Each structure stands twice: as C-alpha cells, then as structure tokens.
Amino acid sequence: MMVLAINTSAVNNQLSLAEKICAWILGFLWLMPLLFAFWAAFHPAEYTTHFDLLAPLTLEHFYSAWEQAPFARYMLNTLIITTIILGCQLVLCTLAGYVLARIPFRGQGLVMALVMMQLMVMPEVLIVENYRTLADLNMIDTWVGVGLPYMASAFGIFLLRQTFAIVPQALDDAARVEGCSRLQVLWKVYVPQAKPVYLAYALVSISYHWNNFLWPLVVTNTEASRPLTVGMAIFGAPESGVDWPMICAGTLIAVSPLLAAFLIFQKQFVQSFMRAGIK
Amino acid sequence: MSRLSIQKLRKSWGDPPAADDIDFTVESGEFVALLGPSGCGKSTTLRMIAGLEAPDSGHIYLNDKEITHLSPGKRDLAMVFQSYALFPHLSVRENILFGLQVRKVSKEEQKRRLNFVIELVDLGSHLHKKPGQLSGGQCQRVALARAVISEARLCLMDEPLSNLDAKLRAEMRSELRALQQRLGMTVLYVTHDQTEAMSMADRIILLNRGRIEQIGRPEELYNQPATTFAAQFIGAPPMNLIRIENRVLGVRPEHIQLVQPGMGLKSSHRAVVKGCDYLGADTLIQLQLDEHSLQLRITGHQKLQPGSSLEISWAEQDQHSFCRTSGQRVAADALQEQHIEYTKKETHYAA
Ligand SMILES: Nc1ncnc2c1ncn2[C@@H]1O[C@H](COP(=O)(O)OP(=O)(O)O)[C@@H](O)[C@H]1O
Ligand SMILES: [Mg+2]
C-alpha cells in the first residue's frame with residue numbers, strides 16, 4: 001500500500017497544468033446531470049429551469065415520487081437481483097477461472113477461446129434468444145430470470161483466470177502436500193490472494209446490474225420482479241406528462257444506496273482497482 | 001520407522017525421459033541427497049514421491065505401503081520448497097499451523113507442537129509478521145518449521161538453501177543437519193550443489209539425464225566414482241580425465257604432487273604451466289601435459305610463470321580408470337593385469 005501511495009503521488013506531480021484543467025472539466029461535465037438532478041429534486045417545480053441561489057428547498061417531490069410508485073418493492077427487487085447475479089458470478093467465475101488457470105484438460109484452448117469470444121458479444125444481441133430460453137424454462141418475470149444470462153460472466157472468468165495464473169504453482173503444491181483437497185486449495189490459497197480483484201469485479205458488476213435496463217424491461221412484467229430502472233421508466237412515462245422534478249427525485253432515490261456505498265468505500269475501491277489493474 | 005522405497009520409477013514428457021529406471025531406498029532416520037546438474041530430473045523424482053506429478057510407471061512404497069497413486073495430502077510426508085512457498089496472506093504462525101488446521105488437529109496439540117517448533121527454529125519474535133516482512137533466512141526457517149510440525153514420516157526438500165546467500169547457506173547447512181539428527185528425521189534432499197550433498201548427506205544418489213549414475217556414501221563417491229560423470233561432478237575442481245587409447249585415466253587435482261626436478265622418479269611427468277588461479281588457502285594451476293590439459297591444486301600462494309615447466313607425479317592408488325566408450329569404472333584388479341599407466345609420447349614414437 002505504501003508503494004501504491006507513492007506511485008499515485010508521483011503520477012499527480014507529473015500531471016501538467018493543462019492536464020489538470022482537462023481533468024477538472026471532464027469531471028464537471030460528468031457531474032452536471034447529477035447536479036441538475038439534485039437541484040431539480042430539492043426545489044419547487046417553477047425553479048427547475050430557473051437557477052436562483054435563494055430558491056426555497058423542499059422535499060415534496062420525494063414524497064410524491066415515493067407515493068406514486070412502489071419504490072420500496074423496486075429497490076428490494078434490484079437488491080435481490082444484483083445479489084443473486086453477483087453471488088452466482090463469484091462462484092461460477094472462481095471455479096471456471098481456477099480450472100482454466102491450473103487444471104489442464106483436453107480442449108482447454110477451445111474453452112478459453114469461447115470465453116474470449118463471449119467477451120466480444122454485446123449481450124443485447126442475444127435478447128430474443130435469451131427470452132425464448134427463459135420462456136421455455138418458465139422463468140419470465142422472476143428474479144433468477146433477470147439474472148440468468150449474466151451469471152457465467154466471461155469477463156469474470158477471464159479476469160480470475162489471469163489472477164489465478166500468476167499465483168505461484170509452489171503455493172498450490174505446498175497446500176496439497178499439507179492435506180488440502182482441490183477445493184480447499186482454491187478457497188485457502190487462491191481466493192485470499194485475489195481479494196482486490198474480487199472487490200473491483202464486484203463493484204463493476206453491482207453498478208452494471210443496478211443500472212441495467214433493456215433486458216429487465218423485456219423480461220419483467222409485474223412488480224414481482226421489476227427492478228428500479230424499469231420502474232423508473234414506467235413512472236416517468238410521458239402519457240402522464242413529464243414531471244421532471246419528481247423524476248429527478250425518483251432517480252436520486254434509486255441511485256442513493258450506490259452513491260452512498262461508493263462514497264464510503266471510495267478509498268478501498270480506488271486502491272483495489274489499481275491493484276487489480278483495471279482502469 | 002519410515003522407509004521409502006522407489007522401484008523402477010519413470011516419467012517422460014518427451015525424449016529423453018525426465019526420470020527413468022529410478023530405484024533406491026531411504027532408510028529410517030537417514031539423510032539422503034538427490035544430487036545432479038540442473039535439468040537432470042531431481043525435482044521430477046521428488047514431485048512424483050510427493051504425489052504432485054503422476055509417474056508413467058513404477059512404484060513408491062513408504063513403510064511397505066504402496067503410495068504411488070495416493071493424493072499428496074494422504075502420503076504422510078512434508079515438503080520444503082526452493083521458493084519457500086509461504087502463503088503471503090497468512091502470518092508466520094498461521095503458515096506454520098496451516099497443515100494442522102487443514103487436518104483438524106486439536107487446538108491443544110497445535111499449541112504444544114507450535115511451542116516446540118518455534119523454539120527449535122528460533123522464530124519466537126516473528127509469529128505475527130507476514131512472510132513479506134521477513135528476510136530470506138527467516139522465511140527458510142518458517143518453511144522448515146511448517147515441515148517439522150507435521151511430524152510426517154518423510155521430509156522432502158527441493159533445493160531449500162539455494163535462494164540464500166553463501167554465508168547464510170553454510171550456516172543453515174549445519175543447522176539443518178543438526179536438526180535432522182536431533183529429531184531423527186528421514187530426509188530426501190534435492191540439490192545441485194555437490195558440496196552441500198557431500199557435507200550433509202549420509203548417502204548420495206547421483207542423477208544424470210534422468211538416470212541414476214551412482215548411489216553411495218559421500219566418501220565412496222569421492223574415492224570410487226563409478227563413472228566419468230561421477231568423477232567430474234564430485235569434487236571441486238573436477239577430476240582430471242586423460243584419454244589414452246580405450247581407457248580414461250582420472251586423477252584429482254589435489255592428488256597431483258610436485259616433484260623436485262632431476263630426482264629421476266620413474267613415474268614423474270614433465271608438464272608446462274599455462275596459468276595460475278590464487279584461491280587464498282591454495283593455488284590452482286593449469287598445466288599442459290603433452291596434448292592433455294590438467295589442473296593441479298597446491299597449498300599456499302604459488303607464483304609460476306606461464307611457459308615454465310614442472311615435474312609432477314601421483315600415487316598409484318589415487319589413479320582412477322574408466323572405460324572410454326561406456327564411461328564405467330574399471331575395477332582395480334582388472335587394472336593390475338593390464339597395468340595401465342600414463343606414459344609419455346616419446347615411448348609411443350620409439351615403439
Ligand atoms: N511439467 C513439465 N512439462 C514438461 N517438461 C518438464 C516438466 N517438468 C520438468 N520437465 C522437464 O524435465 C526435465 C527435468 O526437470 P527437473 O526435474 O525440474 O530437473 P531438476 O530439478 O533436476 O533441475 C527438464 O528437462 C524439464 O524441462
Ligand atoms: Mg529442480
């Protein structure tokens with residue numbers, strides 16, 4: 001960690017003034033929509049497009065948003081779907097990554113090539129086929145149904161394979177001589193050493209699936225499994241006339257858990273990303 | 001009560017096989033070194049015994065029980081690796097106790113053994129550090145402690161000292177040997193360093209290109225090398241080999257003596273100095289004897305001009321003889337009949 005701190009400060013010193021200004025501008029541009037959402041959500045409707053520092057603050061949009069849509073239920077759905085996906089991804093990718101990294105078998109190269117190919121396929125391309133499969137499995141409008149296409153994540157398998165492959169073979173050997181079974185070796189030797197990678201991967205996965213829209217829109221029909229993003233879209237549907245402040249308030253409700261988690265764990269996340277080599 | 005017996009063990013990834021026709025035993029309480037140049041199949045042999053590599057054929061017995069196909073954890077043996085193989089995320093204490101925890105040994109027993117081992121390898125003050133905070137020597141002790149604490153029947157070591165610097169290596173060598181003697185451990189020790197094998201082992205198994213070249217006590221390997229390979233591998237600097245007709249004569253550099261010129265000794269030879277290497281306690285002299293290059297070791301600091309000539313001789317019992325084609329040692333009595341000895345070229349011309 002010391003080394004890391006030194007490295008980052010060294011990088012900071014090397015940035016020229018122009019680069020710093022660019023970074024600030026980019027950061028500001030990225031932040032604009034969020035700032036607007038905050039502005040609109042906390043002020044009366046007449047100030048939405050009329051910036052005035054002295055505008056009165058209000059929470060009315062939050063009340064009306066909360067009332068108009070079953071946010072609590074949507075939030076629960078999103079939470080459960082994200083958890084199911086992440087949990088299954090961690091288990092599947094760990095097992096697959098270990099086998100591809102350390103246990104030679106026939107056709108290993110082919111399997112690896114297929115995984116790499118899946119990395120290049122946009123999941124949206126497969127929506128129709130996936131829907132058909134899930135309909136056959138009777139899983140339309142269920143939590144598992146929303147998560148199933150993402151569980152065997154090619155990115156996760158590849159990432160963990162690369163991480164496990166650089167764990168020294170001698171550690172694996174030593175653990176086996178000390179009496180570990182293959183699964184115990186995986187759990188006691190490989191997984192602990194890949195901790196930063198797991199953290200970084202979990203962050204990417206959570207933020208992707210928390211915000212995922214198209215597939216859940218297709219595969220969910222009712223409140224039983226509908227996640228926040230889809231709920232928000234229905235809630236902001238233009239038939240009822242667009243109520244921007246309320247949509248902003250709803251959006252803030254939706255992203256707040258993620259935002260809070262990121263702000264709290266910011267330092268760990270950044271360090272973990274740097275160590276995992278994902279940027 | 002632990003005896004390792006290896007029969008006709010073979011492993012091949014291509015031609016030539018990494019290990020072939022490996023046959024040996026390690027008796028209880030014995031320290032046996034598996035010696036050979038790098039790439040000769042020492043680690044392969046050791047890993048097959050540990051169960052980390054499956055042999056193509058052959059059998060491995062530990063205490064008369066066949067373990068050839070058991071998984072590594074069920075063989076009741078411990079292993080020390082060249083890279084130490086300490087788990088970086090665990091503390092020294094957790095590293096040492098790793099095996100006992102996996103095997104679900106009771107807490108009291110773990111504590112008792114840990115105290116004993118810590119004392120033995122002198123690690124008391126480092127128990128809560130991570131391996132990354134330790135020096136090479138300390139890592140080595142942790143690895144050793146992890147092997148000792150398992151109380152396994154057999155301890156395998158794969159070049160455990162080769163990552164240490166020369167001074168520490170010499171210290172650890174005697175410490176390791178003392179530990180083995182004190183605990184009565186049965187050890188199979190892989191090394192490419194002949195001094196290490198000579199100074200530590202009860203017996204040495206000399207490997208070359210996946211095959212056993214010679215098995216014997218260190219003095220047997222030194223005094224009666226079975227092949228020209230053994231003759232050159234054991235001893236530093238290596239034995240001088242002189243090819244004459246269908247024989248190879250061998251004389252160790254430390255067995256060649258200087259003779260006062262003009263003494264007229266029948267068995268003395270005149271050689272020309274090519275160069276000197278001063279080593280401190282003694283001097284290594286390169287000589288040219290007719291068309292053969294020889295090395296000679298004499299005590300003290302000797303300054304000899306290249307080109308000057310020397311009278312040298314060696315005792316008959318210090319002379320070894322090998323078959324030129326097979327490289328095998330020719331027995332002493334067979335030698336006497338033929339009376340092989342080094343003769344100068346002039347006699348050939350005269351004949
Ligand atoms: N996993 C492996 N796959 C292919 N060849 C191997 C493997 N392990 C060892 N070898 C080969 O077997 C030979 C002996 O290797 P090794 O036993 O490691 O030698 P040593 O330990 O004596 O230096 C070498 O030629 C090496 O290239
Ligand atoms: Mg080796």
Side-chain angles (χ1 to χ4, degrees), chain A residues 1-7 90 94 97-99 101-106 108-109 159-160 162-202 268 271-272 274-277, chain B residues 13 43 46-54 67 70-91 94-105 130-133 139 142-152 154-160 163:
Chain A
M1 253 177 230
M2 278 306 290
V3 176
L4 199 82
I6 291 163
N7 275 347
L90 291 184
T94 300
Y98 177 56
V99 169
R102 279 296 145 85
I103 303 178
F105 59 92
R106 264 169 172 232
Q108 189 163 30
L159 193 64
L160 285 172
Q162 298 306 88
T163 310
F164 292 159
I166 56 169
V167 171
Q169 177 66 42
L171 293 186
D172 186 314
D173 295 341
R176 281 198 291 148
V177 170
E178 295 289 334
C180 286
S181 65
R182 283 276 188 195
L183 277 181
Q184 279 176 311
V185 175
L186 179 55
W187 183 245
K188 286 172 182 280
V189 178
Y190 287 87
V191 171
Q193 295 204 50
K195 255 190 203 156
V197 175
Y198 279 111
L199 192 62
Y201 178 74
Q268 285 91 317
Q271 277 171 358
S272 155
M274 309 236 347
R275 267 192 276 172
Chain B
W13 281 283
S43 297
L46 205 69
R47 291 171 60 81
M48 284 193 284
I49 297 169
L52 298 168
E53 212 78 73
I67 59 167
L70 285 185
S71 69
K74 298 222 170 75
R75 298 186 175 209
D76 198 9
L77 42 80
M79 190 158 172
V80 179
F81 296 82
Q82 178 175 1
S83 56
Y84 317 131
L86 301 181
F87 305 114
H89 58 288
L90 299 180
S91 69
E94 291 164 321
N95 261 291
I96 296 176
L97 289 176
F98 186 86
L100 300 191
Q101 278 165 358
V102 171
R103 296 197 161 103
K104 304 218 162 36
V105 173
K130 292 277 168 68
Q133 297 165 286
C139 286
V142 178
L144 211 55
R146 189 172 64 186
V148 170
I149 206 169
S150 69
E151 297 184 356
L154 171 69
C155 186
L156 305 175
M157 303 194 184
D158 194 349
E159 314 218 11
N163 280 2

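So you know, we letter chains A, B, ... as the sequences are listed, proteins then strands, and number each from 1. In this text the structure is predicted, and so the values were computed from the model without any measurement.
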Derivation of the side chain to side chain contact (heavy atoms under 4.5 Å, CB included) call for A:Asp173 and B:Met79: CA-CA 9 Å; A:Asp173 295 341; B:Met79 190 158 172; over 6 Å; no

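- A 4.5 Å side-chain heavy-atom check between B:Val102 and A:Gln184 finds at least one atom pair inside the cut-off.
- Closest heavy-atom contact between B:Pro88 and A:Gln193: CG-OE1, 3.4 Å.
- Here the side chains of A:Leu171 and B:Ser83 are not in contact, with every heavy-atom distance at 4.5 Å or above.
- Contact of B:Leu90 with chain A is not made at all, since no heavy-atom distance falls under 4.5 Å.
- Only the backbone of B:Ala78 has a heavy atom closer than 4.5 Å to any heavy atom of chain A.
- Of all heavy-atom pairs spanning A:Ala170 and B:Ala85, the tightest one is O-CB, 3.7 Å.
- For B:His89 (side chain) and A:Lys188 (main-chain N/O), a donor-acceptor pair under 3.5 Å exists by modelled atom type.
- Residue B:Arg75: no heavy atom, backbone or side chain, is found under 4.5 Å from chain A.
- Rounding to the nearest 0.5 Å gives a distance of 6.5 Å between CD of A:Glu178 and CZ of B:Phe87.
- Listed here is the closest heavy atom pair of B:Leu77 and A:Val177: O-CG1, 3.5 Å.
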